[in-house]
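In the text below, chain A, chain B and the rest are named by the order of the sequence lines, each starting its count at 1.
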Protein chains: 2
Amino acid sequence: MTVQQLTRNQALVLDALSASEAPLSAYTILDKLRGDGFRAPLQVYRALDKLQDLGLVHRLESINAFVACAHPDQDCCSHGLTAFTICESCGKVTEFHDHMIEERLAAFASDRNFRPGKTTIEIRGHCAGCA
Amino acid sequence: MTVQQLTRNQALVLDALSASEAPLSAYTILDKLRGDGFRAPLQVYRALDKLQDLGLVHRLESINAFVACAHPDQDCCSHGLTAFTICESCGKVTEFHDHMIEERLAAFASDRNFRPGKTTIEIRGHCAGCA
DNA sequence: AAGCAAATGTAATGTTATTACATAAGTTGC
DNA sequence: GCAACTTATGTAATAACATTACATTTGCTT
Ligand SMILES: [Zn+2]
Ligand SMILES: [Zn+2]
Ligand SMILES: [Zn+2]
Ligand SMILES: [Zn+2]
């Protein structure tokens with residue numbers, strides 16, 4: 001997927017996520033962007049959809065929130081599975097990749113003729129600072 | 001955690017999930033149990049919370065739905081991480097456990113002084129029958 | 001019976017996400 | 001430039017998922 005110019009709405013949403021320490025919900029993003037003319041949830045969800053397609057944003061399924069990709073330059077989604085740790089105290093998210101886990105899950109799927117699409121790995125707990 | 005008698009509501013919710021081929025949302029369960037006197041979402045959510053505590057039910061974070069544990073006799077939650085494949089065509093869910101993945105994730109967390117709580121692994125895709 | 005903890009009933013509300021439809025902006029070929 | 005097409009946007013309404021608050025009941029222990 002080649003680099004591409006983002007639209008105004010997409011850029012605003014990505015900036016909001018990039019500027020945030022913790023993941024943001026769609027409605028929190030909406031509130032942050034009211035001053036920029038955002039008025040409806042759909043403006044946020046549409047931008048998020050596109051940014052996810054581009055691999056610039058990830059959705060954290062277990063907390064209904066979104067984060068900017070930690071290394072968008074590496075074309076995150078194409079180099080495989082993305083996993084996250086999520087601190088339940090401070091909200092800090094760490095994104096990581098592990099080939100062994102990737103292969104292990106792929107093998108399990110292959111053994112059962114299951115054709116995998118998107119895979120979610122999320123570890124909720126407490127980070128070093130919040131221990 | 002020792003075996004314990006379920007209450008009527010808890011038993012009804014577990015039966016509904018056990019009888020279903022596919023995972024069910026809380027509101028779908030509510031509708032199925034209206035004939036048994038269920039009237040409000042909270043009746044379902046409370047039973048689900050308890051059943052999850054007991055390791056008899058799992059929540060699928062990526063689809064906002066719930067499934068009965070595939071092997072409740074083994075005290076599912078205590079013998080580690082639970083992972084799922086979820087067919088996006090027919091809804092079939094397969095629950096599995098993998099020690100290598102478990103150890104790998106534990107090692108990652110340990111390296112970073114991250115104290116893990118609940119971990120989610122969900123592979124969405126298409127099962128053999130729906131390929 | 002008193003006291004306590006767990007479970008229930010009910011209503012209201014909060015949060016997250018989508019459908020539907022109209023309008024506008026960018027792209028391509030002519 | 002202009003038609004045709006695709007992508008993005010604006011707006012309102014609604015659907016789907018989940019929790020708070022409070023009153024009451026049930027089951028167990030003392
Ligand atoms: Zn990423
Ligand atoms: Zn933390
Ligand atoms: Zn299980
Ligand atoms: Zn299937």
Trainee: Give every residue pair that meets the ring-ring contact (aromatic ring centres under 6.0 Å, His included) criterion with at least one member in residues 108-131 of chain A, sequence neighbours excluded.
Mentor: A/Phe108-B/Phe96
Trainee: Verify the cluster assignment for B/Val67 and B/Tyr27: are they in a single hydrophobic cluster under the rule of side-chain heavy atoms below 4.5 Å apart?
Mentor: no
Trainee: Calculate the interatomic distance between B/Gln5 atom CD and D/dT26 atom P; express it in whole Å.
Mentor: 17 Å
Trainee: Roughly what angle, to 10°, lies between the helix axis at the start of the helix from C/dA1-D/dT30 to C/dC30-D/dG1 and the one at its end, five pairs per end?
Mentor: 30°
Trainee: Between P on C/dA6 and CG on B/Asp53, what's the gap in Å once rounded to a whole number?
Mentor: 12 Å
Trainee: Tell me the interatomic distance from B/Asn9, atom CG, to C/dA6, atom C1', rounded to whole angstroms.
Mentor: 13 Å
Trainee: Figure out the CG/P separation between A/Leu33 and D/dT9, and round it to whole Å.
Mentor: 12 Å
Trainee: Rounding to an integer number of Å, can you tell me how far B/Leu24 CG sits from D/dC17 P?
Mentor: 11 Å
Trainee: By side-chain contact (heavy atoms from CB on, under 4.5 Å), which residues pair with B/Ala26, not counting sequence neighbours?
Mentor: B/Val44, B/Tyr45, B/Leu48, B/Phe66
Trainee: B/Thr7: which residues meet the side-chain contact (heavy atoms from CB on, under 4.5 Å) condition with it, sequence neighbours left out?
Mentor: B/Asn9, B/Gln10
Trainee: Going by the rule side-chain contact (heavy atoms from CB on, under 4.5 Å), which residues pair with A/Asp15 if we only count those two or more places apart in sequence or in a different chain?
Mentor: none
Trainee: Only counting residues at least two apart or in another chain, list the ones meeting salt bridge (charged side-chain N to carboxylate O under 4.0 Å, His left out) with B/Arg39.
Mentor: none
Trainee: List for me each residue that meets salt bridge (charged side-chain N to carboxylate O under 4.0 Å, His left out) alongside B/Asp31, sequence neighbours excluded, and say none if there are none.
Mentor: B/Arg34
Trainee: Kindly write out the residues that satisfy salt bridge (charged side-chain N to carboxylate O under 4.0 Å, His left out) with A/Arg59, not counting sequence neighbours, or none if the list is empty.
Mentor: A/Glu61
Trainee: Report the distance from atom CG of A/Leu30 to atom C1' of D/dT9, rounded to the nearest whole Å.
Mentor: 14 Å
Trainee: OP1, OP2 of C/dT8 versus side-chain N and O of B/Thr7: anything below 4.0 Å?
Mentor: yes
Trainee: Quick one, give me the B/S/- string for nucleotides 10-23 of chain C, reading 5' to 3', where B means a protein heavy atom under 4.0 Å from the base and S means that only happens at the primed atoms, P, OP1 or OP2.
Mentor: B-----BBBBB---
Trainee: NZ of B/Lys92: more than 12 outside heavy atoms within 6.0 angstrom?
Mentor: no
Trainee: From CZ of B/Phe38 over to C1' of C/dA7, roughly how many Å is that when rounded to an integer?
Mentor: 12 Å
Trainee: To the nearest Å, how far apart are B/Leu48 CG and D/dA18 C1'?
Mentor: 11 Å
